[in-house]
Amino acid sequence: QVQLVEYGGGLVQAGGSLRLSCVASERTDSNYAMGWFRQAPGKEREFVAGISGRSDRTMHADSVKGRFTISRDGAKNTMYLQMDSLRPEDTAVYYCATRSSRSVEITTTPQTYAYWGQGTQVTVSS
C-alpha cells in the first residue's frame with residue numbers, strides 16, 4: 001500500500017504563494033493517477049487538481065485554473081501543488097491522494113482514490 005505525507009501548508013497573506021509537497025512511499029511514476037483535494041469547514045471535499053498516471057495530461061478545477069499548478073517528480077517520489085495568487089476562499093485542509101496502480105486516468109471524485117495523506121492546513125488571510 002502507498003503511504004502519503006503532505007508538507008508545505010501554513011499561513012499566508014492574500015496574493016501570496018505556497019508550494020505543497022506530497023511524498024509517497026513508492027515511486028510516483030508507477031502509472032497511477034494522483035490528485036489534490038481540499039476541504040473547508042462545513043463544506044464537502046472538492047477536487048483541486050489531478051495528473052494522469054501516464055504524465056501526459058493534467059486537470060485543474062475552474063476555481064484554481066491559472067493560479068495553481070500540479071506536477072510530480074518520479075525520481076523523488078513527490079507530487080507538488082504550486083499555489084500562486086492565493087485568496088481567502090482557498091483556506092482549507094489540502095489532501096494528496098493516489099488511485100490504484102491499475103488506474104491511470106484522472107478522476108474528480110474522492111471515492112475513486114485509494115490512498116490519502118493526513119492533510120495539511122492552508123490559511124489565507126485578507
Side-chain angles (χ1 to χ4, degrees):
Q1 288 115 303
V2 179
Q3 294 179 314
L4 305 170
V5 180
E6 298 98 335
Y7 299 94
L11 175 66
V12 65
Q13 289 187 315
S17 297
L18 286 173
R19 189 191 194 199
L20 304 183
S21 301
C22 173
V23 181
S25 60
E26 62 184 60
R27 295 178 63 174
T28 56
D29 59 353
S30 300
N31 284 354
Y32 48 68
M34 304 181 70
W36 289 95
F37 291 78
R38 67 186 182 187
Q39 188 164 20
K43 295 185 177 181
E44 297 180 359
R45 188 168 299 187
E46 66 173 344
F47 173 80
V48 176
I51 185 165
S52 170
R54 294 188 293 268
S55 297
D56 60 355
R57 191 169 74 96
T58 61
M59 180 184 296
H60 297 78
D62 288 343
S63 59
V64 306
K65 193 173 297 182
R67 299 187 298 120
F68 293 8
T69 304
I70 188 172
S71 63
R72 66 181 166 198
D73 184 339
K76 297 181 179 180
N77 295 348
T78 303
M79 179 177 66
Y80 303 98
L81 184 68
Q82 177 66 44
M83 304 187 294
D84 299 319
S85 301
L86 282 161
R87 305 166 180 170
E89 53 264 41
D90 295 318
T91 296
V93 177
Y94 283 71
Y95 299 89
C96 67
T98 68
R99 302 194 69 198
S100 75
S101 62
R102 303 180 69 179
S103 302
V104 301
E105 298 299 327
I106 300 169
T107 57
T108 61
T109 59
Q111 293 80 7
T112 61
Y113 286 76
Y115 304 104
W116 294 82
Q118 82 289 343
T120 186
Q121 176 71 46
V122 172
T123 302
V124 184
S125 62
S126 60

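Annotation: the span from L81 atom CG to H60 atom NE2 amounts to 7.0 Å, rounded to 0.5 Å. Taken from OH in Y94 to CZ in F68, the straight-line distance is 4.0 Å, to the nearest 0.5 Å. Note that CD of E46 and CZ of R38 are 4.5 Å apart. Values are rounded to the nearest 0.5 Å. In this structure, OG1 on T98 lies 8.5 Å from CE on M79, to the nearest 0.5 angstrom. One distance of note links CE of M34 with CD1 of I70; it measures 7.5 Å at 0.5 Å rounding. Once rounded to the nearest 0.5 Å, the distance linking OG1 of T112 with CZ of F47 reads 9.5 Å.
Following chains of ILVMFWY side-chain contacts shorter than 4.5 Å, one cannot reach Y95 starting from Y32, and the two form parts of different hydrophobic clusters. Connection of W36 to I106 is not established within any shared hydrophobic cluster, with ILVMFWY side chains joined at heavy-atom distances below 4.5 Å, either directly or through further cluster members. Taking hydrophobic clusters as Ile, Leu, Val, Met, Phe, Trp and Tyr residues chained together by side-chain heavy-atom distances below 4.5 Å, Y113 does not share a cluster with Y80.
Salt bridge status for D62 with K65: present, with a side-chain N to carboxylate O gap under 4.0 Å.
With a 6.0 Å radius and a threshold of 12 heavy atoms from other residues, nucleotides or ligands, Q118 has its CD atom above the threshold.
Formation of a donor-acceptor pair under 3.5 Å by the T58 side chain with backbone atoms of I51 is not found in this model.
Among all heavy-atom pairs drawn from L4 and A97, the shortest one is CD1-CA, 3.8 Å. Looking at every heavy atom in both residues, Q121 comes nearest to T123 through NE2-OG1, 3.3 Å. Nearest heavy atoms, A33 versus E105: CB-O, 3.4 Å. Across T78 and K76, no two heavy atoms sit closer than the pair OG1-O, 2.8 Å.
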Which donor-acceptor pairs under 3.5 Å do side chains of residues 7-23 form with protein atoms, sequence neighbours excluded?
| from | atom 1 | to | atom 2 | distance (Å) |
| --- | --- | --- | --- | --- |
| S17 | OG | D84 | OD1 | 2.8 |

Chi angles and distances behind the side chain to side chain contact (heavy atoms under 4.5 Å, CB included) call for T108, M59: CA-CA 9 Å; T108 61; M59 180 184 296; 3.7 Å; yes
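The aromatic rings of F37 and W116 lie tilted to each other, with the angle between the two planes from 30° to 60°.
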